[in-house]
Amino acid sequence: MSELPDKKPIDQVGENQVVSKPTGAQTSILHLVYTFGKHLSKVAIVYLFGYFNISPAWLLGPLVLSVLREEWKKEKQLKRNIAKAAALSNEKDVILARVDDLPAWVFFPDIERAEWVNRILSQVWPNVNHYAKDIIKDKIEPAVQESLLMYNMKGFSFQKMRLGSIPPRVGGVKVYDKHIARDEIIMDLDIFYAGDCDISFTLSGLSGGIKDFQIHGMVRIVLKPLIRTMPLIGGLQIYFLNNPTMDFNLVGVADLLDMPGLSDMLRRIIVEQVSAMMVLPNKLSIVLSNDVSTHNLKFPEPQGVLRVHLIEAKELMKKDISMLGKGKSDPYAIITLGAESYRTKTIDNTVDPKWDYWCEFPIDAISGQILNLRLMDEDDLSKKDSNLGKASVEVFGVSEKGQTDAWVTLEEAKTGMVHVRMSWLELSDNIEDLKTAIAETQMLRVTTMSTAVLMVYVDSASHLPRSGGKSGNAPPDPVFHISVGKVTKQSPIIYRTEHPVFEKEFTFLVNNPETDTMHIKFTDTKTQTEIGKLSYNLSNLLDKPGLELQHQPLQLKTSVPDSKVQLSLRLRVLRHPGGTIKDEDEISLYKGEINPSPQLSRGASIKKQDSISALKKQDSVSTISTKSEDNLPDTFKSSEESQIMTSPSPAMETVHRRQPSTTSSVGDSSLGKIQLTLRYSVQRQRLIILVHKIGNLPLKDPSNIPDPYVKLYLLPERSKDSKRKTETVKDNCNPVYDETFEYVMSQGELSTRQLEVTVLTQKTWKSPVMGQVIINLAELDLSTAVTAWYDLQPETLKEKDQ
């Protein structure tokens, strides 16, 4: 990293003469006068234009020229960057300077180009059109029909279904070779489709259509099991890890009736149906060999369960309008993982809501899945709910640590943080673990918490009664609803058969298997009459070997005597990794977390932080422990095994990145030091910064102890959008923050960015700077979490914040 420019207040005039430049205080006053004069001149110009009745066109012309001037400057800067990179013979920088949005294989080192796949897709695309037509007609159309019935809309059907001639494009392929089973192959495909599809439909006699359909997401393909006969692969599982980005245009009736909201409703229903088919935990399973049982392919076990405790948020944006201007907000949160979502209650008239909301998600793929939190401000029915920000957490990091507890800074918001705790739970077939799980729910007194997971595979039904309605003695169109507790799920409709084959799997979270019951009800969709039902007490599974029931035909009630359903059941008990369960406060102390409990006041939380800091002697640490990563939030865990850099690079020495054992206690400039952790998440395209603490700030006056806080900016533009700020800790020279901040950026941007970290004190109205460090991101390997102490330096000259 190049050294920071020398800011000595001298200027060479002659060979042996120097003239002193203004000091820092004089520069600040001159800058203030200059800024005031600049704004005053703008007001004066506008006033004179109005005073002399000059045409507004005279103002419009300079405005257009100024905008064009800014664009010209950007274009010239781009050309300079390209020329500089070319002069240095750096091919990568030349590419990054020319293109901002590159395919996944450019940024992801383990993703490869897949042009051969794109060529194959081009050839098979006409056949895929026919397959997609059957999928849309047989699966999506009935689901959309049922969703529209909730709005009293009938007569929906697809008329024309053409996906066009443009196939989807694969941006890159990643094949996993670590942490996978011996009999499977796992690969991720970066899929983008923006074709010329033409799909038309009718709704209540009116015509509409879908055009310009676009979808972009990461598709995972699992080839399992591997067999010894041709075709060597027994089957496929295809699914999106997270909800893909979708966009399309509705034409016809949907476009004409956009004002009443029909267009938005149809969009939401179509997106939900795509998610219900292809987004985890929903999978598209295809059997490729007769030697492989469909049961084995479609009845896998989840890898675990993610338990989420959304506690509170603070300092949210004020969206509601009051008599005196901006008031407060009515926030609620939407928690999403894959195709499953939960919504908290709305807390009225506050920017510091406390939800204390619990939810759980079965996880089928640890690597790649992301938990998303979206905070919204609820408005009247006549308005659209406002966005208060979002946050996301990688599931892999939580599974590695077992427990996390962190305040996460909200993205897409000027202010706001959210406090969330997460636990990773393993699946066990040991009945003894059930007692421990039930004891935990009783200890925490959370009625929505689960103790086990129930997996159900409904293979088929036989000898269902025929319909006695208008069609006479016709075969039924059976569908079944299956429910455990308050959750009900539905099977696809099988048309005109007494012996339907469903081959459908379901996963339920069970509150208490000793008392819960599974209910299945079969219905004929033509006559809407019940044709059979079954109730099964889950306590019966507790006596089965391995807590399983395999390929069991069970008699249906309220049906003909021979009516049966063929199903398999599997029960797994939830347990914490290692089999130990601790109280939440004990867990926080055990893991070294210093985030305050939601019940603590601000003053009490600071005292708790100080007591924990004293207990662990964090303020007198002399070395960086290689185990310090255990205390990092899950967002700092990389997809591979993370590790801490233990020796600074020569470039880092220019920003005074030091090991505490080799530096003075107050830093090189006697201004103290700051501990930071930085990491770049390639999958989420985010730069993640954790501000740990500040050590040994100078105390010039014992009666004037600083109130420090930390402010972050991204350079070189130093815009307000990149501003981040920690809380202020009162009267402390060794404050502890442990606050996480994120910046959304591509991996290519890291080569052109610097991070400005400034420590200020709020003792006076102007918040003087106590020290600063500028980190060149291009010279750090942020693929793993980098934790280090940085010596604070005097503030560099720059334009002050307005």
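In this chain, residues are counted from 1 in sequence order. Any value given below was found using the heavy atoms of this structure, including those in side chains, with hydrogens, waters and symmetry copies removed.
A pairwise comparison of heavy atoms in Q303 and W424 identifies O-CZ2, 3.5 Å as the closest pair. The heavy-atom pair separating L371 from V395 by the smallest distance is N-CG2, 4.4 Å. Taking both residues in full, the closest heavy atoms of V736 and K693 are given as CA-CB, 3.9 Å, listed atom of the first, atom of the second, then distance. Here the closest heavy-atom approach between residue P716 and residue T752 is recorded as CD-O, 3.8 Å. Nearest heavy-atom pair, D738 versus L690, reported as atom, atom and distance to 0.1 Å: C-CD1, 3.6 Å. Considering every non-hydrogen atom in both A391 and V418, the closest pair reads CB-CG1, 4.2 Å.
Taking the side chain as every heavy atom from C-beta outward, I694 and M770 never approach each other to under 4.5 Å. Counting only heavy atoms from C-beta outward, the side chains of S722 and L712 never approach each other to under 4.5 Å. In this structure the side chain of M745 reaches within 4.5 angstrom of the side chain of L750, judged on heavy atoms. Looking only at side-chain heavy atoms (C-beta outward), Q793 and D668 come within less than 4.5 Å of each other. With a 4.5 Å cut-off on side-chain heavy atoms, R753 and Y743 do not count as touching. For the pair L306 and M422, the minimum side-chain heavy-atom distance is below 4.5 Å. Looking at R575 and T436, their side chains never come closer than 4.5 Å, going by heavy atoms from C-beta outward. You'll find the side chain of L714 reaches within 4.5 Å of the side chain of L755, heavy atoms only.
In this structure, the side chain of T740 does not engage the main chain of V408 through any donor-acceptor pair within 3.5 Å. The closest donor-acceptor contact from the side chain of T409 to the backbone of M417 lies at 3.5 Å or more, if one exists at all. In this structure, T415 contributes its side chain and E315 its backbone to a donor-acceptor pair below 3.5 Å. Remark: the backbone N or O of N349 is paired with a side-chain donor or acceptor of D330 at under 3.5 angstrom. The backbone N or O of M376 lies less than 3.5 Å from no partner atom in the side chain of N387, so there is not a single donor-acceptor pair. For the pair T787 (side chain) and Q675 (backbone), a donor-acceptor distance under 3.5 Å is absent.
Side chains of Q762 and T728: a donor on one and an acceptor on the other come within 3.5 Å. Neither side chain, D352 nor T350, offers a donor N or O lying under 3.5 Å from an acceptor on the other.
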> Can you list the steps and then say if V308 with Y342 is a side chain to side chain contact (heavy atoms under 4.5 Å, CB included)?
Replying inline: CA-CA 11 Å; V308 180; Y342 294 91; over 6 Å; no
**Request:** Would you check, one step at a time, whether the test side chain to side chain contact (heavy atoms under 4.5 Å, CB included) holds for N372 with K390?
**Result:** CA-CA 7 Å; N372 293 295; K390 70 173 184 178; 6.0 Å; no
Requested in this report: With side chain to side chain contact (heavy atoms under 4.5 Å, CB included) as the test, would you mind laying out the steps for N696 and K673 before giving the verdict?
Outcome: CA-CA 7 Å; N696 302 307; K673 53 191 178 181; 3.9 Å; yes
Should E727 and K314 be marked as a salt bridge (Lys or Arg N to Asp or Glu O under 4.0 Å) after you check the CA-CA gap, both sets of side-chain angles, and the distance that decides it? CA-CA 11 Å; E727 283 190 331; K314 63 182 179 182; 2.6 Å; yes
Check your understanding: Which is it for W407 and E312 under the side chain to side chain contact (heavy atoms under 4.5 Å, CB included) test, yes or no, and what are the steps along the way?
Key -> CA-CA 9 Å; W407 283 93; E312 60 183 329; 3.4 Å; yes
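Just one of L310, L373, L375, I334 meets the side chain to side chain contact (heavy atoms under 4.5 Å, CB included) condition when paired with T344; it is L310. The one candidate from H576, R307, H309, Q403 that meets the side-chain hydrogen bond (donor to acceptor under 3.5 Å, both in side chains) condition with S423 is Q403. Exactly one of V757, V759, D791 qualifies for a side chain to side chain contact (heavy atoms under 4.5 Å, CB included) with V773. That residue is V757.
For R686 and E411, the salt-bridge test passes: some basic side-chain N is under 4.0 Å from an acidic carboxylate O. Under the 4.0 Å criterion applied to side-chain N and carboxylate O atoms, R679 and E394 are assigned as salt-bridge partners.
Rounded to the nearest 0.5 Å, atoms CG (L337) and CD1 (I363) are 4.5 Å apart. Of the inter-residue distances, the one linking Y709 atom OH with K730 atom NZ reads 11.0 Å to the nearest 0.5 angstrom. Distance check: Q754 CD to E779 CD gives 9.0 Å after rounding to the nearest 0.5 Å. Atoms CG and OG1, on L782 and T677 in that order, are 11.0 Å from each other to the nearest 0.5 Å. With values rounded to the nearest 0.5 angstrom, D377 atom CG is found 9.5 Å from L316 atom CG. Considering CG of L676 and CD1 of I689, their distance stands at 8.5 Å, rounded to 0.5 Å.
Take T336 and apply the side chain to side chain donor-acceptor pair (under 3.5 Å) test, not counting sequence neighbours, and it matches S341.
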